[in-house]
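What follows is a short report on a single structure.
Just so you know, ligand 1 is whichever comes first in the structure, and atom 1 is the first atom listed for that ligand.
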Amino acid sequence: MTANTCPRDFEADEALSEGIKIHWLRTIKDLDSTSLTVEKMEIVDGRPVPTGVLETLAADSVILALGQTTETAFLAGIPGIVFDKDGTVIVDKNMMTGHDGIFAGGDMVPSERTVTVATGHGKKAARNIDAWLNGRSFVKAPNNPSVSAEQLSVWYRTDALPKQQEHIEPEIAISGFDEIVGGLSMDEAVYEAQRCYSCGNCFECDGCFGACPERAIIKLGAGLRYKISYNLCTGCGVCYEQCPCHAIDMIGESEVS
Ligand SMILES: Cc1cc2nc3c(=O)[nH]c(=O)nc-3n(C[C@H](O)[C@H](O)[C@H](O)COP(=O)(O)OP(=O)(O)OC[C@H]3O[C@@H](n4cnc5c(N)ncnc54)[C@H](O)[C@@H]3O)c2cc1C
Ligand code: SF4
Ligand code: SF4
């Protein structure tokens with residue numbers, strides 16, 4: 001078995017318990033319809049190097065899971081598109097390639113090649129595509145300052161434990177090809193998303209709205225958050241003290257320009 005990322009210990013243990021045999025440090029030298037010739041490797045200075053020792057393994061199928069490359073050849077004829085040396089496509093800060101109106105992201109562009117990066121690229125590209133189609137430029141609002149755990153006010157919230165991974169007996173795991181480590185159901189995904197405090201960013205929990213003794217906090221509607229009537233606000237600080245995610249800051253009047 002070869003892999004571009006090492007499995008975590010429990011994954012290797014699960015594979016072994018399901019009867020998988022792992023041949024560490026082998027590289028394929030030759031193959032035919034019934035067998036593989038592999039060369040044993042050894043680690044020298046942290047890197048696998050060939051030993052010249054060959055071994056034959058019976059096999060009728062090979063699934064290669066080594067390395068990640070992106071097929072970008074189909075873009076080669078498009079004017080303006082520029083490729084990095086690994087074949088990925090160069091994009092600007094708006095995720096647009098060198099060809100006006102063609103955007104790219106995720107594994108297709110030089111990046112860390114993870115799901116979170118690809119998802120973020122998708123969001124960023126979508127905003128820029130929308131702006132481009134409407135003849136505008138997308139201008140990202142500045143990020144709020146980072147908030148530390150000590151600044152959160154979560155004393156009145158209950159703990160919600162994350163979903164625990166079920167243990168599946170090997171006999172059941174090998175009884176078919178159904179997914180063993182499933183994703184979240186719709187209800188679980190909504191529940192998990194609600195655990196997020198979106199630190200530093202208001203998530204419209206209505207806490208400050210309900211707590212303000214002066215009714216100085218005005219709801220602006222779903223997604224539009226709130227505004228504070230400074231004519232009504234006495235500066236008591238209740239909203240600031242109970243905001244779970246520290247989205248409200250109190251500053252001295254002298255600091256207001
Ligand atoms: C074995 C392996 C394990 C990984 N493990 C992790 C991990 O644990 N955590 C992590 O964060 N990341 C992991 N990654 C990386 C992660 O999967 C990728 O970074 C991520 O999926 C990239 O998303 P993407 O949308 O850019 O590309 P993809 O998810 O590859 O989506 C591209 C889509 O485009 C389709 N497509 C391709 N060519 C065309 C075409 N010409 N026309 C139309 N459609 C086309 C493809 O079929 C595919 O559906 C792993 C990757 C591999 C290969
Ligand atoms: S400012 Fe804080 S308390 Fe008020 S609604 Fe937003 S997250 Fe809740
Ligand atoms: S400081 Fe006090 S009065 Fe002012 S908005 Fe917050 S809770 Fe209301």
Original post:
When the ring planes of Tyr226 and Phe209 are compared, do they come out parallel, tilted or perpendicular, using 30° and 60° as the limits?
Top reply: tilted

Original post:
ligand 2 versus Phe209, non-hydrogen atoms closer than 4.0 Å: side chain, backbone, both, neither?
Top reply: neither

**OP:** For ligand 2, note which part of Arg225 has a heavy atom under 4.0 Å away: side chain, backbone, both or neither.
**Re:** neither

Original post:
When you measure from atom 8 (Fe) of ligand 2 to every protein heavy atom, which one gives the shortest distance, and what is it?
Top reply: Cys205 SG, 2.3 Å

Original post:
What is the nearest protein non-hydrogen atom to atom 6 (Fe) of ligand 2, stated with its residue, atom name and distance?
Top reply: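 Nearest neighbour among protein heavy atoms for atom 6 (Fe) of ligand 2, to 0.1 Å: Cys202 SG, 2.4 Å.
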
Original post:
With a 3.5 Å cut-off and no angle check, do the side chains of Glu112 and Thr114 form a donor-acceptor pair?
Top reply: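 Absent: no donor and acceptor within the cut-off.
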
Subject >> Check: Ser148/Gln151 side-chain N/O donor and acceptor closer than 3.5 Å >> reply: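 Note: Ser148 and Gln151 side chains meet the donor-acceptor criterion.
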
Subject >> Where Glu39 and Pro50 come nearest, the two heavy atoms and their spacing >> reply: OE2-CB, 3.1 Å

Original post:
Which pair of non-hydrogen atoms, one from Ile218 and one from Ser229, has the smallest distance, and what is that distance?
Top reply: CD1-CB, 3.9 Å

Subject >> Atoms in ligand 1 with a heavy atom of Arg113 nearer than 4.0 Å >> reply: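 Selected atoms, number and element: 15 (C), 19 (O).
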
Original post:
Atoms of ligand 1 less than 4.0 Å from Gly106 heavy atoms?
Top reply: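 So the atoms of ligand 1 that pass are 26 (O).
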
Under 4.0 Å from a heavy atom of [X]: which atoms of ligand 2 are those, numbered in the order shown and with their elements?
{"X": "Phe203", "value": "7 (S)"}
{"X": "Tyr226", "value": "5 (S)"}
{"X": "Cys243", "value": "1 (S), 2 (Fe), 3 (S), 7 (S)"}
{"X": "Cys245", "value": "7 (S)"}

Original post:
Just by distance, do the side chain of Asp32 and the backbone of Ser35 share a donor-acceptor pair under 3.5 Å?
Top reply: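 Flag set: sc Asp32 to bb Ser35 pair under 3.5 Å.
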
Original post:
Are any side-chain N or O atoms of Asp92 and backbone N or O atoms of Asn94, one a donor and one an acceptor, separated by less than 3.5 Å?
Top reply: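 At least one qualifying donor-acceptor pair exists.
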
Subject >> Pairwise salt bridge (Lys or Arg N to Asp or Glu O under 4.0 Å) hits with a residue in residues 233-243, at least two apart >> reply: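 Checked against salt bridge (Lys or Arg N to Asp or Glu O under 4.0 Å) - neighbours excluded - no pair reaches residues 233-243.
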
Original post:
Hey, is Arg26 close enough to Glu55 for a salt bridge, meaning N to O under 4.0 Å?
Top reply: yes

I'd like to check [X] versus [Y] (side-chain heavy atoms, cut-off strictly below 4.5 Å). Are they in contact?
{"X": "Leu220", "Y": "Arg225", "result": "no"}
{"X": "Met41", "Y": "Thr51", "result": "no"}
{"X": "Lys124", "Y": "Phe138", "result": "no"}

Original post:
Below 4.0 Å from any atom of ligand 2, is there a heavy atom belonging to Gln242?
Top reply: yes

Original post:
Listing by chain and number, what protein N/O/S atoms are under 2.8 Å from atom 6 (Fe) of ligand 3?
Top reply: Cys239 SG

Subject >> Verdict with supporting geometry, Ile217 and Cys239, side chain to side chain contact (heavy atoms under 4.5 Å, CB included) >> reply: CA-CA 9 Å; Ile217 296 180; Cys239 56; 3.9 Å; yes

Subject >> Closest candidate by heavy atom, reference atom 11 (O) of ligand 1, pool Thr69, Thr70, Leu75, Val115 >> reply: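 When every heavy atom of Thr69, Thr70, Leu75, Val115 is considered, Val115 comes closest to atom 11 (O) of ligand 1.
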
Original post:
Thr234 heavy atoms, cut-off 4.0 Å: which ligand 3 atoms fall inside?
Top reply: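 Those qualifying, in numeric order: 3 (S).
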
Original post:
Backbone or side chain, does any N or O of Thr116 fall under 3.5 Å from an N or O of ligand 1?
Top reply: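 No; every N/O pair is 3.5 Å or more apart.
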
